[in-house]
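Each ligand, and each atom within it, is numbered from 1 in the order the structure gives.
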Amino acid sequence: MCGIIGYIGRENAAERVIYGLKKLEYRGYDSSGISLVEGSKLLRYRAKGRLENLVSALKNIRLHGTTAIGHTRWATHGKPSDENAHPHTDCTGKITIIHNGIIENYYEIKQMLLKRGHKFTSETDSEIFAHLIEENIGKGVEKAVQAALKKIRGMYAMVILHAGEPDKIVAARKGSPLVLGIGKNENFIASDVPSFLKYTKKAVFLEDDDMAVITKQGYTVLNNGKKVSRKITHIKWNDSQAEKNGYPHYMLKEIGEEPQAFEDTIIGRFDSDRAKILFETVNDARLRKMKNVRIIACGTSYHAAYTTKYLMEKYSGLNVSVDIGSEIRYAAPAVTKDTLIIIISQSGETIDTIAAFNNIKKRAGYSIAVVNVVGSTLSRELDSVIYTHAGPEIGVAATKTFISQLAVLYLLSFHIASLKGRMSRKKIRSALKSLRKIPGYIKEIIKERKKIEKIGAKYSRHRDFLYYGRNINYPIALEGALKLKEISYIHAEGYPAGEMKHGPIALVDDKVPNVFIAPVNALYEKIINNIEEIRARDGIIIAVTNRSNKTMKNYADDVIYIPDIDEDFYPLLAAVPLHLLAYYIGVKKGIDVDKPRNLAKSVTVE
Ligand code: F6R
């Protein structure tokens, strides 16, 4: 996702900022840019594509300013282009801003600003912020930023530079990370520590609603207008540790990012007040006409597809089928002009999924891709694309991208149900309320990860695992088993719990751990019956259940508790401990969990 770096000091600011941008490249981006002040002039350079394009544009220009801000952009509003790249400026060209996040009410603000004579040069939501500051710049940049922040809704990390006040950089955060780097006669502001770690190891992490004013000599932090003090953290990581944010593996870092990935994916896509779900890129008129749905994907993305089948059928009443890409590419599936095709792929490059779509696209009524990698093949081939905003995933096993696929698919299921008149405003409002709670709940699960680590260590020497779920949690059992297989090389299978007696029960003995997803709902007693049947055969039970469940400890050898939530939303939480369990077992076995053998992040061969 986007990266931010700002510098103010005595050194060549452009060099410091370009260095910082290089360190932020791992986050993924599709354009970059830099603004700096020289004298009272604001200079700005931007380039689509790789950072080298920006570097070569600057090659023959001698820049000597000592205050600059820079950005790597990962497109959300508006395609990757020079014009949409940050920094953006106001009409006077003296105020420049960079922004990570999404301004939810940008459209209304843009209309208001257009009426007041502002001219825009990009398609982004971010640009409006420079113009909002311009409205009050007479009061000084700090006051103008404060006034502008009051007008916007959404998530942001904002960094602002005003050519009229080159002795300071202003920054503000809500939802998107920002960290100050405190040096000697120089200071930094960035979205991530690696971008300044070479120059200082002193960091101050800003909190939500903080606004910082940064000068050469120091900084002040205000929260909701009141001065606050934030603790200085002494970073002990080296450069490569820092890219993993101090985590030992990308996979653990990315599981840690699941709450943010979920939040980033849903933000800006609904309006709670009006109980409306908004997908900018989706054609609602075409969607409304669809009478059945086919979802196609591979691997973990297929598990997201399967979860959606349960949800979408329940809420929209449509007939939803799910297919594995490699199967459907050679089949003759029933697809008609009232079939909605949904293709799910993190990479957007999975050859089986692409071929499956090619096999049916001419017969489909309307097609939507749910993709993480901007500009990838699948993001271009279908009628519409909905991006998951998980940011780049480096660990080979899909974790945070799975959670953000579910985020899109939950919203899309509710959206279709509402277009079909099957979900009232009241129900939409209540579903949105539950979705908004998910990031906080996932954080609570991750906080308890040491307990899961212990369980992982206890069972890391077992050779086979079975995972069970019922109904909407069955695909999560598949996901738990796949993840364990991939990164621990332990044989694991996922089953619908009711299917146990039709085969898998033959495997039960005192050596096979059986992992149950056991929400406390109408089917809870059925799950307990399955557990009893295994216990009667000396089987080992690991259960994932509600925090308020006081009885499970009587049945299971180990229990992983997750927050209580309405049963339809259970998969969004239950997947997280299963990702963690697989991770800790893999690590305990000494496996390179970020690059497990024989697997590739993007499967572009058949
Ligand atoms: C599992 C995993 C793979 C992918 C599969 C599809 O952890 O990473 O199973 O989910 O290869 O990839 P995408 O989603 O890129 O189409």
Could you check, using the six-membered ring where one of them is a Trp, whether [X] and [Y] have ring centers closer than 6.0 angstrom?
{"X": "H303", "Y": "Y306", "answer": "no"}
{"X": "F569", "Y": "Y410", "answer": "yes"}
{"X": "H71", "Y": "Y29", "answer": "no"}

Identify the closest protein heavy atom to [atom]: which residue and atom is it, and at what distance?
{"atom": "atom 4 (C) of ligand 1", "result": "T300 N, 4.0 Å"}
{"atom": "atom 6 (C) of ligand 1", "result": "C298 O, 3.3 Å"}
{"atom": "atom 7 (O) of ligand 1", "result": "E486 OE1, 2.7 Å"}
{"atom": "atom 11 (O) of ligand 1", "result": "V603 CG2, 3.8 Å"}

Check D564 with R547, please: is the shortest side-chain N to carboxylate O separation under 4.0 Å? no
K48 with D30: basic N within carboxylate O range, under 4.0 Å: no
Could you list the atoms of ligand 1 found under 4.0 angstrom from a heavy atom of [X]?
{"X": "S301", "answer": "10 (O), 13 (P), 14 (O)"}
{"X": "V396", "answer": "8 (O)"}
{"X": "S345", "answer": "13 (P), 14 (O), 15 (O), 16 (O)"}
{"X": "A397", "answer": "7 (O)"}

Would you check the N or O atoms of Q346, main chain and side chain alike, for any that come under 3.5 Å of an N or O of ligand 1? yes
If you measure every N or O of A398 against every N or O of ligand 1, does any of those distances drop under 3.5 Å? yes
Heavy atom of N372, distance to ligand 1 below 4.0 Å: no
Decide whether the shortest distance between a heavy atom of K483 and an atom of ligand 1 is less than 4.0 Å.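 Checking ligand 1 against K483, which is what was asked, there is a heavy-atom contact under 4.0 Å.
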Taking the side chain as C-beta and beyond, is there a heavy-atom pair between I527 and R470 under 4.5 Å?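 A side-chain contact exists here, since the closest heavy-atom pair is under 4.5 Å.
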Side-chain touch N319/K291, heavy atoms, less than 4.5 angstrom: no
Assess whether side chain to side chain contact (heavy atoms under 4.5 Å, CB included) is satisfied between Y302 and V322, documenting all intermediate values. CA-CA 8 Å; Y302 172 74; V322 284; 4.3 Å; yes
Can you confirm whether more than 12 heavy atoms, excluding those of K458, are under 6.0 Å from its NZ atom?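 Enclosed.
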For atom 13 (P) of ligand 1, the option (of T350, I354, I343) bearing the nearest heavy atom: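 Considering heavy atoms of T350, I354, I343, the nearest to atom 13 (P) of ligand 1 sits in T350.
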